[in-house]
Amino acid sequence: MNLYTTELRRLYKRRFIRYTALGGLLVLVAVVVSMFLINQKIGPEQWAAAERQAEQEWRLQVEETQRLRTQCEQARAAGNTADHPAGCAEIEAPPREAFKAEWYLPSTFDFRREFEPTLTTLTAVLALVAFLCGASFVGAEWSSGGMTNLLLWRPRRLEVLFTKLAALLSALAGLTVLTAAAWTAAFWAVGTLRGTTEKMTPGVWQSLGLTGLRGLVLVLAAGAVGFGLASLGRHTALALGGVLGVMVVAQFGLGLVLELAGARFVGKWMLHTYLLAWMQKKVTLYDWNACAVSYGGACEPATFDITWQASSVLLAAGLALVVGGAAWAMRRRDIT
Amino acid sequence: MAPVLEIEGLRKTYRSRRRGERRALDGFDMVVEAGQVHGFLGPNGSGKTTTLRTLLGLIRPNGGRMAILGREVPAALPAVANQVGAIVESPQFFPHFSAHDTLSLLARAGGVPQRRVTEVLELVGLRDRARERVKTYSLGMKQRLAVASALLKNPKLLILDEPANGLDPGGIREMRTLVRDLAAGGMTVLFSSHILGEVQQICDSVTIISLGRRVAAGPVAEVLAQHSGGGLRVRLEAVTDLPVAADLLTRAGARVTPADDHLVVHGIDKPATVTRTLAGSGLYVSELAPITADLESVFLELTGTAPVPGQHRQVDQSTVVDRPAGTTASDPTTGGKA
Ligand SMILES: Nc1ncnc2c1ncn2[C@@H]1O[C@H](COP(=O)(O)OP(=O)(O)OP(=O)(O)O)[C@@H](O)[C@H]1O
Ligand SMILES: [Mg+2]
């Protein structure tokens with residue numbers, strides 16, 4: 001227990017970790033603020049304005065058509081039929097219904113429809129913060145010699161490693177829960193002031209809750225992976241930034257190679273597809289070159305579904321590999 | 001009373017994929033008795049730090065046994081850890097924490113009262129700088145912090161790897177006093193150092209290591225006596241009489257090396273023999289003293305690391321001790337003490 005509270009304290013005292021968390025929160029605030037600014041509440045006034053604009057657009061179209069038809073008739077009268085072989089009657093104004101008022105409405109925030117996707121944004125930002133914090137927390141300990149010192153006091157290595165991890169994860173969980181609560185409240189406010197919060201049934205809330213939970217799991221996993229990698233490499237976040245960079249490059253490179261090789265469903269090989277599938281429950285990949293026959297006989301692209309269950313297997317395997325590897329190295333390797 | 005620290009036949013081979021194997025410890029033995037200040041000496045790369053790291057459970061040995069305070073380590077290390085304070089070779093600390101924070105976190109993790117943090121900071125002279133970041137400390141200040149961290153637990157056994165490294169002359173003297181005071185208070189202190197004058201002044205006993213094996217061990221006086229070769233310095237009232245005296249002593253069976261103003265005499269069992277032999281011929285001795293080597297020359301002799309003019313000695317060029325037969329590590333060529 002001593003060690004656990006000590007590690008929480010150490011975590012809190014680390015400046016890099018505080019600043020990273022703060023940076024993440026600022027990004028999130030910026031997202032909320034911009035969502036607030038670009039959305040508007042829709043009332044009778046907005047509808048009336050939209051109606052007016054639709055009407056105006058339609059009138060412009062009608063005038064333009066009129067002008068073109070006159071031109072056409074003049075040309076035909078002059079004996080030039082080449083440009084308009086079918087006669088001028090086909091130049092017709094679009095019907096009034098083609099200009100729907102809702103197209104001209106300003107954008108508005110419908111909490112029920114639009115909040116869930118923002119959870120993916122929230123998770124992405126927090127997961128990045130978690131990864132960096134996890135890596136720096138243990139990496140700096142290793143490279144600065146702090147770990148060696150600690151082990152002179154607490155010689156049980158695995159206990160030390162896992163207590164550190166537990167402290168990190170509980171702090172991240174706390175941060176995530178608080179941030180998610182604030183995030184929900186903020187978007188509820190955006191919905192109330194700049195849109196609508198209607199039709200929020202318990203079922204919708206439950207679905208949001210589950211998505212949030214999956215987000216939390218992803219954040220914790222990112223923290224644990226960062227922690228595990230830095231502990232394996234026994235170095236700071238800097239080395240980890242390298243690893244991250246290499247991974248991104250490798251993913252892009254791999255994507256490019258697969259694309260050139262004409263592989264189907266390149267997304268299948270991309271890590272982010274699985275992360276997205278974890279958050280959205282399912283990601284459907286399309287192969288636009290393939291033709292799957294549909295009812296109407298039309299050509300439909302072939303599809304490939306990646307479900308969150310498949311993602312969870314991948315996530316769990318990756319997590320086990322990294323954390324297990326870190327534990328193994330902690331037990332076995334000399335500390336020199 | 002059981003020794004505070006026992007090491008027997010310790011072996012450690014570093015393996016690296018590119019460089020292959022390096023035998024850092026090759027059947028090393030060491031015993032430190034309770035209440036002693038024990039010096040741990042050896043040339044660079046002889047295995048001192050490796051020994052201490054292994055002892056503290058940071059490195060896994062390839063063989064041998066170790067015991068601290070009568071308990072086998074590394075198995076019993078968690079049980080004895082709170083009685084062993086240690087610093088290993090240029091200790092490092094997280095650079096962005098202050099000395100106070102660093103020690104405070106260690107104390108918390110080890111269940112030591114926070115009051116002790118202020119005490120040890122005062123003890124090592126960092127009181128007024130304790131709130132500054134370690135990053136801004138000088139080498140000696142970091143070293144002081146390290147010593148403070150080792151003292152934090154008020155340990156029974158204090159292990160210091162080159163504690164004087166980077167200390168100013170005043171600091172070295174303070175360290176000397178500190179170590180003496182701690183030992184007087186019942187603490188056993190084991191420390192490695194290259195400052196042999198220091199070691200000779202404060203250590204009760206020493207262990208000398210070369211290439212991963214013990215070359216000598218025992219109380220400082222004994223080690224010195226054994227390796228001074230039992231020579232005598234003989235001075236006469238008149239320098240002109242020296243050749244005659246040399247002749248007389250040689251005939252009496254001594255090996256005599258003449259020097260400028262005195263003779264160095266070996267192979268005599270009792271100093272009185274010298275006086276008697278010379279007095280019998282009317283020569284009077286004005287000085288008759290055993291030649292005591294200092295620790296430095298004994299060290300250089302034992303480890304074979306004395307500089308030779310015109311040669312650049314490389315690390316790892318030092319005395320190779322034959323593998324100890326059985327449990328005793330006595331060495332025929334250098335007369336190492338078991
Ligand atoms: N991590 C390591 N990997 C490989 N070899 C090592 C490692 N650490 C030490 N060694 C080797 O082990 C031998 C003993 O090193 P050690 O650090 O114990 O020496 P030392 O007696 O402390 O020297 P110094 O007086 O310079 O501090 C040296 O030859 C060194 O090169
Ligand atoms: Mg060393």
Side-chain angles (χ1 to χ4, degrees), chain A residues 1-20 133 135-168 230 234-238 328-336, chain B residues 12-16 24 49-50 52-62 68 73-82 84-98 100-112 133-135 142 145-146 149-150 152-153 155 159:
Chain A
M1 207 57 203
N2 271 345
L3 191 57
Y4 175 75
T5 50
T6 309
E7 291 308 322
L8 277 182
R9 207 181 160 79
R10 186 194 313 277
L11 193 65
Y12 174 72
K13 276 183 173 285
R14 286 287 310 278
R15 268 200 310 179
F16 176 85
I17 288 174
R18 277 201 238 174
Y19 288 168
T20 309
C133 289
S136 160
F137 181 48
V138 73
E141 280 285 287
W142 274 117
S143 60
S144 73
M147 186 65 100
T148 313
N149 275 322
L150 187 58
L151 288 173
L152 294 182
W153 285 69
R154 307 288 295 236
R156 290 203 173 93
R157 294 195 193 175
L158 284 186
E159 182 189 305
V160 168
L161 188 77
F162 282 111
T163 309
K164 272 183 188 292
L165 182 60
L168 172 79
R234 295 192 177 175
H235 217 284
T236 44
L238 212 71
W328 181 84
M330 184 73 175
R331 245 186 94 81
R332 303 286 312 182
R333 273 173 60 188
D334 287 346
I335 298 168
T336 55
Chain B
K12 173 65 191 179
T13 306
Y14 288 109
R15 289 193 173 79
S16 81
T49 302
T50 303
L52 299 182
R53 279 185 188 276
T54 313
L55 197 60
L56 295 163
L58 298 175
I59 290 180
R60 188 181 289 258
N62 298 107
I68 294 179
V73 290
L77 204 54
V80 294
N82 60 348
V84 182
I87 60 174
V88 269
E89 198 161 77
S90 51
Q92 305 271 308
F93 298 96
F94 184 67
H96 301 291
F97 283 170
S98 69
H100 189 275
D101 284 347
T102 305
L103 294 186
S104 168
L105 286 170
L106 279 178
R108 235 169 248 281
V112 169
R133 288 194 294 158
V134 172
K135 194 183 167 179
K142 284 185 200 147
L145 174 57
S149 79
L152 203 53
K153 307 182 219 188
I159 295 177

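Below, chains carry the letters A, B, ... as their sequence lines are ordered, and counting in each starts from 1. Every heavy atom of this structure was used, including side-chain atoms; hydrogens, water molecules and symmetry mates were not.
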* **Part of A/Leu151 lying under 4.5 Å from any heavy atom of chain B** => side chain

* Asked: If you look at every heavy atom in B/Ala109 and A/Leu3, which pair is closest and at what distance?
  -> CB-CD1, 3.8 Å

* Asked: So do the side chains of A/Asp334 and B/Arg53 get within less than 4.5 Å of each other, counting heavy atoms only?
  -> no

* Short question: side chain of A/Lys164, backbone of A/Phe137 - any donor-acceptor pair under 3.5 Å? -> no

* Structure fact -> Shortest non-hydrogen pair, B/Val112 vs B/Leu152, comes out as CG1-O, 3.7 Å

* Structure fact -> If one checks every heavy atom of B/Val134 against chain A at 4.5 Å, the contacting part turns out to be neither

* For A/Arg10, is it the side chain, the backbone, both or neither that has a heavy atom under 4.5 Å from a heavy atom of chain B? -> both

* Which portion of B/Lys135 sits near chain A, non-hydrogen atoms under 4.5 angstrom -> neither

* **Largest heavy-atom contact set with chain B, pairs under 4.5 Å, which of A/Arg332, A/Arg156, A/Glu7, A/Arg9** => A/Arg9

* Enter the distance from A/Met330:CE to A/Phe162:CZ here, rounded to the nearest 0.5 Å. => 9.5 Å

* Asked: Checking A/Arg157 against chain B: side chain, backbone, both or neither under 4.5 Å from a heavy atom?
  -> side chain

* To do: Apply side chain to side chain donor-acceptor pair (under 3.5 Å) to the pair B/Tyr14 and B/Thr50, showing each step before the final yes or no.
  => CA-CA 10 Å; B/Tyr14 288 109; B/Thr50 303; 3.1 Å; yes

* What residue, out of A/Gly146, A/Gly145, A/Ser144, has the most heavy-atom pairs lying under 4.5 Å from chain B? -> A/Ser144

* Asked: Side chain, backbone, both or neither: which part of B/Arg60 has a non-hydrogen atom closer than 4.5 Å to chain A?
  -> both

